Asks: 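I am attaching a structure below and will ask some questions about it afterwards.
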Amino acid sequence: MEEDKRWALISEVGGDTGYLEELADVLKRHFHLICLREFLQNPALHGPKVQVLFIWKFLPEAEPSLLRSLPALLLVASGGVGVDHLDVPFINGLGVKVANTPGVVSDSTADHAMALLLASARKILDGHQIAVDPKTTHLPQRLMGVEVTRATLGIVGMGDIGYKIAQRSKGFEMKILYHNRTRRTGAAERATGAEFCRRLDDLLKRSDFVVIAVKLTADTTGLIGRRELSLMKPTATLVNVSRGLVVDQDALVEALRSGRIGAAALDVTHPEPLPRDHPLLGLPNVLITPHMGISTNATATAIVEKMLENGLAAVKGLPVPDEVKLQ
């Protein structure tokens with residue numbers, strides 16, 4: 001019933017960073033929603049009512065000042081897998097739980113990784129621009145791409161997303177290498193035909209395409225730097241669908257300009273978006289998409305439904321299904 005609904009804080013509905021109307025409607029089934037702009041007009045009035053903070057596309061930012069203005073807060077529910085944008089120990093220290101939405105983002109992110117790999121390898125964007133250019137009178141023969149079928153793919157991070165990338169790559173008869181903190185089971189390796197590389201260096205040296213699918217942690221920040229890029233083949237392509245900070249972008253610019261590697265296809269950068277004068281934006285061998293790996297209607301709906309499930313559990317005093325627990 002309407003009077004039984006609890007209150008939740010969100011960024012906004014509509015606009016470039018807010019919820020689509022149909023996604024906000026999912027949350028409205030069980031929560032009264034208050035947008036950040038309205039909340040900030042009178043925090044003293046609204047703060048004591050809010051029990052869940054729903055974060056979509058990293059907004060609202062879970063800043064200490066905002067969190068401290070929510071004395072009844074029970075849960076910070078973030079859409080997506082990564083929680084590097086959240087200070088989980090600080091939030092937990094306030095007596096507030098944190099939840100993410102694992103699993104539901106894996107298929108769309110793996111799809112997007114393959115889309116980036118294929119589009120970069122076959123110069124899809126360049127071909128489109130030639131095909132629609134009003135000045136085009138003939139089709140050039142110089143637009144030669146890189147063969148994907150039977151190429152060697154190195155996957156850095158063989159979690160759920162990495163594993164699904166391997167599954168998709170098998171259809172292209174690719175030789176699949178992977179590097180991970182822990183080795184996958186023999187059954188998982190046989191199912192994908194993936195070969196474990198204990199040393200990241202070995203994977204980088206052997207791969208035609210390197211796909212980064214790790215979580216951003218202290219250990220993975222700057223994981224791919226000058227030394228790592230220098231180990232890659234000069235024809236290799238780096239694909240990143242994890243977080244921008246996993247790659248040293250200055251080193252990447254140098255490697256791309258000098259021909260140390262062949263190309264890069266990125267769904268993530270740091271910051272997002274990049275400054276309009278950033279050198280990555282002007283390089284012909286770079287393809288960038290605006291962090292849209294989870295941007296499908298089905299996945300977005302599944303994420304919000306997971307956020308709702310976690311939020312309802314928190315306000316009912318039940319175990320939060322996807323609570324992020326520090327090890």
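Bear in mind the structure is a predicted one, so any value in this text is a computation, not a measurement.
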Asks: Can you name the nearest heavy-atom pair linking Leu74 to Ala314, along with the distance?
Replies: CD1-O, 3.6 Å
Asks: Any pair with a residue in residues 221-234 that passes salt bridge (Lys or Arg N to Asp or Glu O under 4.0 Å), sequence neighbours left out, goes on the list, sorted by first then second residue, please.
Replies: Asp201-Arg227, Asp208-Lys233, Arg226-Asp248, Arg226-Glu254
Asks: Heavy atoms, side chains only, cut-off 4.5 Å: are Asp267 and Met292 in contact?
Replies: yes
Asks: Can you check whether Leu223 reaches Leu200 side chain to side chain, under 4.5 Å on heavy atoms?
Replies: yes
Asks: Is the side chain of Thr192 donor-acceptor paired with the backbone N or O of Ala188 at a distance under 3.5 Å, no angle test?
Replies: yes
Asks: Flag yes if Leu177 and Phe209 sit in one hydrophobic cluster, no otherwise; membership is Ile, Leu, Val, Met, Phe, Trp, Tyr, and two members link when side-chain heavy atoms are under 4.5 Å apart.
Replies: no
Asks: Starting from Val98, can I reach Val105 by hopping between I/L/V/M/F/W/Y residues whose side chains sit under 4.5 Å apart?
Replies: no
Asks: For residues 59-70, dump all side-chain donor-acceptor pairs below 3.5 Å to protein atoms at least two apart in sequence or in another chain.
Replies:
unit_1	atom_1	unit_2	atom_2	d
Ser69	OG	Leu66	O	2.6

Asks: In chain order, what residues pass the side chain to side chain contact (heavy atoms under 4.5 Å, CB included) check against Leu318, with sequence neighbours excluded?
Replies: Ala313, Lys316
Asks: With a 4.5 Å heavy-atom cut-off, do Val210 and Ile224 have their side chains touching?
Replies: no
Asks: Could you check whether any side-chain heavy atom of Pro321 comes within less than 4.5 Å of a side-chain heavy atom of Glu309, counting everything from C-beta outward?
Replies: yes
Asks: State, to 0.1 Å, how close Ile124 and Leu118 come at their nearest heavy-atom pair, and which atoms those are.
Replies: CG1-O, 4.2 Å
Asks: With the side chain counted from C-beta on, respond yes when Leu252 and Leu256 share a heavy-atom pair under 4.5 Å apart, and no when they do not.
Replies: yes
Asks: Is the distance between the ring centroids of Phe54 and Tyr19 under 6.0 Å?
Replies: no
Asks: Using the side-chain contact (heavy atoms from CB on, under 4.5 Å) rule, take Tyr178 and Glu189 through it: C-alpha gap first, then chi angles, then the decisive distance, then the call.
Replies: CA-CA 10 Å; Tyr178 77 96; Glu189 291 183 348; 2.5 Å; yes
Asks: Atom CG in Leu33, atom CG in Asp25: separation rounded to 0.5 Å?
Replies: 9.0 Å
Asks: Is there a donor-acceptor contact under 3.5 Å linking the side chains of Ser78 and Asn100?
Replies: no
Asks: Would a distance-only check, ignoring hydrogens and angles, find a side-chain to backbone donor-acceptor pair under 3.5 Å from Thr301 to Asn297?
Replies: yes
